[in-house]
Amino acid sequence: MLKSPRGTRDLLPPDTALWNFVEAAARDIFRAYNFHEIRTPIFESTELFARGVGEETDIVKKEMFTWEDRGRAESDKGQSLTLRPENTAGIVRAYIEHKLWERGLNKFFSIGPMFRRERPQKGRYRQFYQIDAEIIGPAAAGSQSPARDAEILELVAALLDRVGIANWTLELNSVGCPADRTKFNEALRQALAPVVEKMCADCQRRAVTNPLRVFDCKVPEDQPIIKTLPTISQFLDEDCRTHFEEVKNILNAVHIPYVENPRLVRGLDYYQKTAFEFTHGSLGAQNAILGGGRYDGLSEALGGPPAPGIGFAIGEDRLVLSLMETATAESVIRKPDVYIAPLGGGMNREAARVASELRRHDLVVDLGDESFRLKKSFEAADKMGARYILIVGENEVAADAFALKHLASGEQVTVPRADLAQRILRK
RNA sequence: GUGGGAGUAGCUCAACUUGGUAGAGCAUCGGACUGUGGCUCCGACGGUUGCGGGUUCGAUUCCCGUCUCCCACCCCA
């Protein structure tokens, strides 16, 4: 049997109602913060991600779906294309390409699929969905301000609260400027050198390949050593330090709780200053539902003008997973207001007329078939959770009044055609 | 990419310590009940036991490979 490819899956009803609920809530929140939707291609030139995400990142080195396009002529060498592994690079590319700063546009959101060639596990798929938001623009427009960082964080908190995710934790850090990180990395290597032999095998490897990852070590014996290691906060320059302080000041002012995590780092090269993550329990090892940060140098790295920016990406798959602990898809689905049961030959066309009329009143209407016995229609109406069942038989058509039964109470009345919609809307 | 666990009906799961005709509940469809449901009862449908190979008279069971999912690692949202 044909199956969906590894790491992909079908989203089916009723779960899709939960996805729509999340996306509708996100759109509401974005509107309140004056963000506007942008839709970029799901594949881009490979070069964009190499330059934007970072040549040396695992994402670019081994986790992208990349192929060579067919050139138009023999002499035309095919361009390397890649399914987008994240969306910030694409949005910044569009910002540059269309000179969006000229139009005064600087707050964007986007919802859609991303692709990474990783080994799948729960909450980690090869096609996954992200809700992205970015603030980007000329410094003169205030895009470098810590107020934007705080605004983004407040937006995220509002969104999580809106969809009903309780007990989230905001972890906050500043990863400084590139110069700060260089100094920090150097200090970290020096601090590790004399002690690394006493640490676990993983840490010994990390100390060489990626020293920052030592902070993620979960081995209890290593913790005392890790506590003695320097943190990035000690290496921030004046500008980064005051920026970070002001972000925290504003968060305090709007009562957004956070915990400082000096060990929080970001994997992508372009992050600077503010880095953050929202986590939620019981997602196993993949406990981050959302992450983001500031990327002041990205536009220039992609050949654009200076355009400080900050943004985040919600892992929608994980958000929905978290949501399923408390909410069921059934609770957000809209059930039919009325199920119409045509009864007897020729009644399909009469039922269609009634259904058409009721739908014009914004009622959710479903119907059976004139071949159904009444019992079957009742069972169908029950199964789909309809509020009312409406019987359209010869008697009803002759009288131009229909039997309307409230399924939960069993109360049944005869209602003239003209009064049907109002009657159903009432309760 | 590495390590471990698991794949049996649409869903949730059985089928004794290497082996003997693959079962239940729920769901679906039909009937009891030709214009009044949720309950009950009866019946039917449903499977190349993930796929391929091997051992065996005989494999859901044992062995090998492979695919997929799950857990963890790497890394990351």
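From a predicted model like this one, the values you see are computed outputs, not experimental measurements. Excluded from the calculations below are hydrogen atoms, water molecules and symmetry mates; all remaining heavy atoms, backbone and side chain alike, are included. Throughout, protein chains are lettered first and strands after them, A, B, ... in sequence-line order, and every chain is numbered starting at 1.
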So [X], base contact, sugar-phosphate only, or nothing? Heavy-atom distance under 4.0 Å.
X: A:G311; value: nothing
X: A:E118; value: base
X: A:F128; value: base

Check the interface with nucleotides 4-10 of chain B: list each N/O to N/O pair with the protein under 3.5 Å, or write none.
none

As a test of reading the structure: which of B:rA77, B:rC75, B:rU28 is closest to the side chain of A:E63, going by heavy atoms?
B:rC75

Compare the minimum distances between each of B:rU68, B:rC71, B:rA77 and the side chain of A:Q121, then state the nucleotide with the smallest one.
B:rC71

List in chain and number order the residues that pass ring pair (Phe, Tyr, Trp, His ring centres under 6.0 Å) with A:F235, two or more places apart in sequence or in another chain; answer none if no residue qualifies.
A:F184

Once you round it to whole Å, what is the distance between [atom2] of [N] and [atom1] of [X]?
X: A:L2; N: B:rU68; atom1: CG; atom2: C1'; answer: 14 Å
X: A:F115; N: B:rC75; atom1: CZ; atom2: P; answer: 25 Å
X: A:K376; N: B:rU28; atom1: NZ; atom2: P; answer: 12 Å
X: A:R117; N: B:rC75; atom1: CZ; atom2: C1'; answer: 16 Å
X: A:E134; N: B:rA77; atom1: CD; atom2: P; answer: 13 Å
X: A:R84; N: B:rA77; atom1: CZ; atom2: P; answer: 16 Å

Do you know the tightest heavy-atom contact between A:I389 and A:A381?
CD1-CB, 4.2 Å

Report the C-alpha separation of A:D132 and A:T88 in whole Å, then their side-chain angles, then the decisive distance to 0.1 Å, and conclude whether the side-chain contact (heavy atoms from CB on, under 4.5 Å) test is met.
CA-CA 8 Å; A:D132 274 276; A:T88 301; 4.3 Å; yes

Show the atom names and distances, to 0.1 Å, of all donor-acceptor pairs under 3.5 Å that link a side chain in residues 227-234 of chain A to residues at least two apart or in another chain.
residue, atom, partner, partner atom, Å
A:T228, OG1, A:I225, O, 2.6
A:T231, OG1, A:S233, OG, 2.9

Could you tell me whether the side chains of A:N87 and A:T40 share a donor-acceptor contact shorter than 3.5 Å?
yes

Candidate pair A:R189 and A:E186, rule salt bridge (Lys or Arg N to Asp or Glu O under 4.0 Å), full reasoning:
CA-CA 5 Å; A:R189 277 179 206 277; A:E186 187 52 36; 5.2 Å; no

Parallel, tilted or perpendicular: which one describes the rings of A:F30 and A:F35, with boundaries at 30° and 60°?
tilted

Point-to-point distance, once rounded to the nearest 0.5 Å, from CD1 of A:I136 to CD1 of A:I310
12.0 Å

Would the base of B:rC70 count as contacting A:R124 through its side chain, where contact means a donor and an acceptor less than 3.5 Å apart?
no

Ranking A:Y125 and A:G292 by the position along RNA chain B of their nearest nucleotide, the one closer to 5' is A:Y125

First of A:G7 and A:I314 reached from the 5' end of RNA chain B, by closest nucleotide
A:G7

Using a cutoff of under 3.5 Å, can you pull out all pairs of nitrogen or oxygen atoms linking the protein to nucleotides 31-38 of chain B, with atom names and distances?
residue, atom, partner, partner atom, Å
B:rG35, O6, A:N395, N, 3.2
B:rG35, O6, A:N395, OD1, 3.4
B:rG35, O6, A:N395, ND2, 2.8
B:rG35, N1, A:E396, OE1, 3.0
B:rG35, N1, A:E396, OE2, 3.2
B:rG35, N2, A:E396, OE2, 2.5
B:rU36, O2, A:K405, NZ, 3.2
B:rU36, O2, A:Q412, OE1, 3.4
B:rU36, N3, A:Q412, OE1, 2.9
B:rU36, N3, A:Q412, NE2, 3.3
B:rU36, O4, A:Q412, NE2, 2.8
B:rG37, O2', A:D382, OD2, 2.8
B:rG37, N7, A:K405, NZ, 3.4
B:rG37, O6, A:L407, O, 3.3
B:rG37, N1, A:L407, O, 2.3
B:rG37, N2, A:D382, OD1, 2.5
B:rG37, N2, A:L407, O, 3.0
B:rG37, N3, A:D382, OD1, 3.1
B:rG37, N3, A:D382, OD2, 3.0
B:rG38, N1, A:L407, O, 3.1

Kindly write out the residues that satisfy salt bridge (charged side-chain N to carboxylate O under 4.0 Å, His left out) with A:R359, not counting sequence neighbours, or none if the list is empty.
none

Contiguous Watson-Crick or G-U pair runs (3 or more, under 3.5 Å) in RNA chain B:
B:1-7 with B:67-73, B:10-13 with B:23-26, B:28-32 with B:40-44, B:50-54 with B:62-66

